Amino acid sequence: MFISSIYDTISVMVKPNHYADIYNAYEKNPKRIRILDSTLREGEQHPGVSFTNKQRIQIAWMLDYFGVDQIEISPIVSNDHVEATKTIIKQGLRADIVAHGRALKQDIDIALDCDAKSCAAYLGISDIHLKDKLRISREDALCRAVETVEYAKSHGLEIRFTVEDGSRADPKFLLQVCKAIEEAGVDRISLPDTVGILRPVGMYNFVSKVRAVTSVPLDAHVHNDIGLAVANAFAACDAGAEQIHTTIDGIGERTGIPPLAEISVALTYLYKSPNDFKLDMLQDMSRLIEAYTSIQPYDSKPIVGSSAYKHKAGTHLAAILRNPAAYEPIPPRDVGNRRRIVFGELAGKTGAAYLMSLLGLKKDDEGAKAVAAGLKNLRMGDLIEIPLNDKLEEQMSGS
Ligand code: HCA
Ligand code: CU
C-alpha cells in the first residue's frame, strides 16, 4: 500500500517524456545543428513543381521568419530564377541566400551577377558520374573542383562545394578532393548521399572519414529513396556534420530529402539543439506548399499530416480526455497542428460519453454504453471527427 502510493506520487511528478529523454540524451551540452532549406532549389526538382517568382519570394520570407540558417536557390535554371535570386538577396533576410550551380566558372559568374555573397557548386565524383555523366577523368574533376573554389574565393564569395554522389565514390578519391578544396579555401563541404543508398551507420562512416581529414564545416544532404533520409541526416550529425539540408514536406528529386518539419522538431525536442525555430509555422508552411504545388502530403505524415493528431481507439480517447500527453509526444499547437477526436465504431463508452456531452446530452453510464453499442452497430467506420477548439480543450483539462 505504502510502496504503491510512493510510486503514484513519483509517477505524477515526472514529466511524460522524462525517461525517454534519458535514453535520448547522449551529450551534456548539445551542439547547435543548422538547417539549410532547399525548397527553392532541390524542391523545384520535384516532378510537377515550379514556383512563380512571387511564390519564391514569399517562401523565402517564411523560411527566414521560421529561423533556418541558409536558403538555397538555383539562379542558373532560368532568367526567372535569376530575378527571384536577385530579389530575395535584396530583401536583406537574416538567413544566408546560397546561389547553387555546377562547378563551372560560368555558374559562379551568374551567382556574382545576382550579387550573392554565398554560392554552392556541385560536381559528381563517383566513377559512374565521372565516366557516364561528365565524361571526365578523376584528374580533370580534381582540377575543376580546385579551380572553381579558387575562382569563387578570388571574387570574394563564400563557397560550399558538393562532392555529388560522394557516398558511391572511391573513398581515396573522396578524401583527395576534400583535402584539395580545403587547401583552396572552401568554406563548407556538402556530403551527399545522392541516391539514398546508405543506412544510418553507413552515413556515419562516410562523414567520419571526411571529418577525420578536414576541419571544414560539413553539410549532410541525403536522399530518401529507401526512406532513411531523416535517420541518415542525424547519423551524419553524430559523425560531425553541423548542417542538414531540408525542404518543406521533403520535396525534391524522386522521393526527395528530409522534410523541414521532422528535422526541426527532432532537433528541438530530441537533440535539444539550441535553435530558435518558430515551430508553430510548420503546418501553415506545409499547406502553402500544397497550395502552390497541388502535392498533398499523405495524411499520416509526421507533425503536419492531417492524421498526426487524430485519436480514434476507445482506450486512446479515454486516456487523451484525461491527459493528451498519454498519446501525444509533442503538443499539437507547438507545431501548428490541431488535436482531433474521431468518433466511430471504436469510440467505446468513454468516447460515447464525451460525444454525448458535446451534443448537450446528459452523461450517464447506461446511455453511454448504448451509444457506444449503436456506433459499433452502424459499422460505418469513422462517423465524425471533432477538431477541439479552445473551449473544448479547456473543458477537457477541467474535467
Ligand atoms: C543535384 C545533386 C544534389 C546536390 C546536393 C548539394 C545531390 O541535384 O544537384 O548541393 O548539396 O543530391 O547530390 O542535390
Ligand atoms: Cu539532392
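Worth saying up front: this structure is predicted, and the values here are computed from it rather than measured. Both counts, for ligands and for their atoms, begin at 1 and track the order of listing.
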What protein heavy atom sits nearest [atom], and how far off is it?
atom                    : answer
atom 11 (O) of ligand 1 : S190 OG, 2.7 Å
atom 8 (O) of ligand 1  : Q45 NE2, 3.1 Å
atom 14 (O) of ligand 1 : E42 OE1, 2.9 Å
atom 13 (O) of ligand 1 : T194 OG1, 2.7 Å

Is it true that some N/O/S atom of H245, main chain or side chain, lies under 2.8 Å from the Cu ion (ligand 2)?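 Looking at H245, which is the residue asked about, there is no N, O or S atom under 2.8 Å from the Cu ion (ligand 2).
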Metal site the Cu ion (ligand 2): N/O/S of E42 inside 2.8 Å: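 Yes, within the cut-off.
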Decide whether an N or O pair under 3.5 Å exists between [X] and ligand 1.
X    : result
E72  : no
D165 : no
E164 : no

Which atoms of ligand 1 have any heavy atom of H100 under 4.0 Å away?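 What qualifies from ligand 1 is 6 (C), 9 (O), 10 (O).
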Proximal ligand 1 atoms for P192, defined as those under 4.0 Å from one of its heavy atoms: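 Reading through ligand 1 atom by atom, the close ones are 13 (O).
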State, yes or no, whether a side-chain contact exists between [X] and [Y] at a heavy-atom distance under 4.5 Å.
X    : Y    : value
T87  : N53  : no
M285 : L63  : yes
R34  : D219 : no

Closest to the Cu ion (ligand 2), which N/O/S atom of H221 is it?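 The nearest such atom is NE2.
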Between atom CD1 of I89 and atom CD of Q91, what is the distance when rounded to the nearest 0.5 Å?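 It comes to 10.5 Å.
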Do K31 and E242 meet the salt-bridge criterion of a basic N to acidic O distance under 4.0 Å?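 Looking at K31 together with E242, the answer is no, because their closest N to O distance does not fall below 4.0 Å.
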Take the angle between the ring planes of F277 and F66 and call it parallel below 30°, perpendicular above 60°, tilted in between.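 Judged by the thresholds at 30° and 60°, the geometry between F277 and F66 is parallel.
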Measure up the Y292 and F51 rings against each other and bin them: parallel (under 30°), tilted (30 to 60°), perpendicular (over 60°).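 Perpendicular, since the angle between the ring planes exceeds 60°.
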Honestly curious: do V68 and I33 fall in one hydrophobic cluster under the side-chain, below-4.5 Å linking rule?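 Yes, because V68 and I33 connect within a single hydrophobic cluster, where side-chain heavy atoms sit under 4.5 Å apart.
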Does one hydrophobic cluster hold both V177 and L130, with members joined at side-chain heavy-atom distances below 4.5 Å?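 Yes, it is one cluster - the side chains of V177 and L130 are joined through contacts under 4.5 Å.
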Under-4.0 Å heavy-atom contact with ligand 1, by part of H245 that carries it: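 Within the 4.0 Å criterion, H245 contacts ligand 1 through side-chain atoms alone.
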Residue-level breakdown please: for H129 versus ligand 1, do any non-hydrogen atoms fall below 4.0 Å on the side chain, on the backbone, on both, or on neither?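 Neither part.
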Nearest heavy atom to atom 9 (O) of ligand 1: which of H223, H221, R41, Q243 does it belong to?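 Among H223, H221, R41, Q243, the closest heavy atom to atom 9 (O) of ligand 1 belongs to R41.
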Mind listing the closest non-hydrogen atom pair of A261 and V304 along with its distance?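 Heavy atoms of A261 and V304 come nearest at CB-CG1, 4.0 Å.
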So is E253 touching ligand 1 or not, going by heavy atoms under 4.0 Å?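 No; E253 lies far enough from ligand 1 that no heavy-atom distance drops under 4.0 Å.
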